[in-house]
Amino acid sequence: MSSPQGHTLTANMADLVDGSTAHREVSHIDCLPVYVKELIAGGAAGAFAKTTLAPLERTKILLQTRTDGFQSLGVYQSLRKVLKLEGVLGFYKGNGASLIRIIPYAALHFMTYEQYRGWILDNFSSLGSGPVVDLLAGSASGGTAVLCTYPLDLARTKLAYQVVDTRTNFSSGIRGFYPRPAYSGITDVLTTVYKEGGIRGLYRGVGPTLVGILPYAGLKFYIYEALKTRVPEEHQKSILMHVSCGALAGLLGQTFTYPLDVVRRQMQVESLQCSTIQGGRRYRNTIEGLTTIVRNQGWRQLFAGLSINYIKVVPSVAIGFTAYDMMKVWLHIPPRQKVQAVSAG
């Protein structure tokens with residue numbers, strides 16, 4: 001009985017016994033420390049999710065920061081205008097800075113979440129092992145990742161804020177009416193901002209970012225892990241389950257913290273909004289930013305771009321969590337219970 005299935009099984013067994021290339025690859029992966037695997041899994045998940053939704057991210061920033069020509073437009077009209085002015089590449093303007101930021105951000109976010117979670121379980125057993133631990137670990141990991149990568153987020157926002165009309169008037173050989181970009185790239189943004197304001201300039205807007213990320217990151221992990229515990233065991237490995245839980249986690253977490261994201265974006269681009277600055281910077285802190293926006297721009301501005309954020313964040317969180325869990329399987333990261341047992345031993 002030399003069926004094809006039997007022949008394939010025999011060949012696979014032989015490969016494992018004689019140390020084939022596939023077996024050596026598995027051994028190399030298994031030799032990596034767990035925290036390194038978590039860094040790789042988190043970075044890959046973040047990059048995949050961010051690139052998939054880059055056009056929506058660019059449009060959201062234009063709406064949040066009230067860029068000239070976009071104040072009264074909706075999501076669809078904004079997408080059409082970016083396409084008309086800058087072409088398809090306009091949708092990915094600032095995405096290079098975004099990827100340079102998101103890869104270390106997501107890597108640190110997921111890895112430190114796992115580390116903080118294990119540390120809390122080891123030192124605060126009275127909290128149990130439920131979603132409350134995920135809430136605390138998620139908040140702490142979100143703050144850690146933000147502090148380590150914030151200047152890159154600042155650069156991404158400043159680059160995405162600039163709109164350049166790439167259409168050329170062939171008769172005169174001149175560009176459209178949009179002004180020339182203030183920055184030519186990531187390095188230019190970082191060096192210029194540092195020269196103008198030092199370290200404080202590179203962290204302009206970090207206050208509302210932290211105020212927003214701590215509850216958002218915590219709620220995101222809390223809701224995701226809480227929902228997973230309610231899924232029957234036979235569906236625990238379903239990709240649809242991961243996507244659904246991640247989508248709901250992103251939806252609820254973002255709703256509660258979105259106004260803080262609007263304040264952060266406006267603080268980041270104040271130096272580019274010459275016409276709106278009178279006598280210096282407008283927002284000295286998060287509370288002043290919230291009250292000033294409500295007073296001068298109306299309370300609806302606190303939720304400008306929220307519809308596109310729902311369209312973006314829900315699949316982004318869903319893709320991120322799903323990709324992370326899939327990468328954990330591919331990298332042979334042991335289940336959390338086994339990790340804790342090994343560390344305890």
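- A heavy-atom distance below 4.5 Å is found between the side chains of V146 and L210.
- Residues that satisfy the ring pair (Phe, Tyr, Trp, His ring centres under 6.0 Å) test with Y224, not counting sequence neighbours, are F321.
- The main-chain N or O of G138 is found under 3.5 Å from a side-chain atom of S141 such that the two form a donor-acceptor pair.
- Ring-plane geometry between F221 and H109 is classed as perpendicular, the angle between the planes exceeding 60 degrees on a 0 to 90 degree scale with a lower cut at 30.
- Closest non-hydrogen pair, T149 versus Y105, comes out as OG1-CD1, 3.4 Å.
- Ion pairing between a basic and an acidic side chain is recognised when a charged N comes within 4.0 Å of a carboxylate O; R58 and E86 show such pairing.
- In this structure the side chain of I223 never reaches within 4.5 angstrom of the side chain of D134, judged on heavy atoms.
- Contacts classified as ring pair (Phe, Tyr, Trp, His ring centres under 6.0 Å) and involving residues 115-148 (residues at least two apart or in different chains) are given here: W119-F124.
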Quick one: do T192 and D188 satisfy side-chain hydrogen bond (donor to acceptor under 3.5 Å, both in side chains)? Show the steps, please. CA-CA 6 Å; T192 302; D188 187 29; 3.2 Å; yes

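- The side-chain heavy atoms of T52 and P315, taken from C-beta on, include no pair separated by under 4.5 Å.
- By the 6.0 Å contact criterion, CZ on R230 is open, its count of non-hydrogen atoms from other residues, nucleotides or ligands being 12 or less.
- The shortest distance between side-chain heavy atoms of I186 and L190 falls below 4.5 Å.
- Classification of D325 and K228 as a salt-bridged pair holds, one side-chain N sitting under 4.0 Å from a carboxylate O.
- Here CG of N296 is found 9.0 Å from OG1 of T291. Values are rounded to the nearest 0.5 Å.
- The shortest side-chain heavy-atom distance between R101 and Y150 does not fall under the 4.5 Å cut-off.
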Distance-only donor-acceptor hits, side chain of residues 41-48, under 3.5 Å, sequence neighbours excluded:
none

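- Partners of Y92 by ring pair (Phe, Tyr, Trp, His ring centres under 6.0 Å), not counting sequence neighbours: none found.
- Considering every non-hydrogen atom in both Q301 and V262, the closest pair reads O-CG1, 3.5 Å.
- F91 and L83 make their closest contact through CZ-CB, 3.7 Å (heavy atoms, listed as atom of the first residue, atom of the second, distance).
- With salt bridges taken as basic N to acidic carboxylate O contacts below 4.0 Å, one links E114 and K328.
- Every residue was checked against the ring pair (Phe, Tyr, Trp, His ring centres under 6.0 Å) condition with W299, not counting sequence neighbours, and none meets it.
- M326 belongs to a hydrophobic cluster whose other members, connected by ILVMFWY side-chain contacts under 4.5 Å either directly or through intermediates, are I239, V243.
- The two atoms that bring A145 and L108 nearest to each other are CB-CB, 4.2 Å, heavy atoms only.
- Y203 places a side-chain N or O within donor-acceptor distance of the main-chain N or O of L147, the cut-off being under 3.5 Å.
- Pairing each heavy atom of A49 with each of G320, the nearest pair is CB-N, 4.1 Å.
- Looking at E225 and R117, their side chains never come closer than 4.5 Å, going by heavy atoms from C-beta outward.
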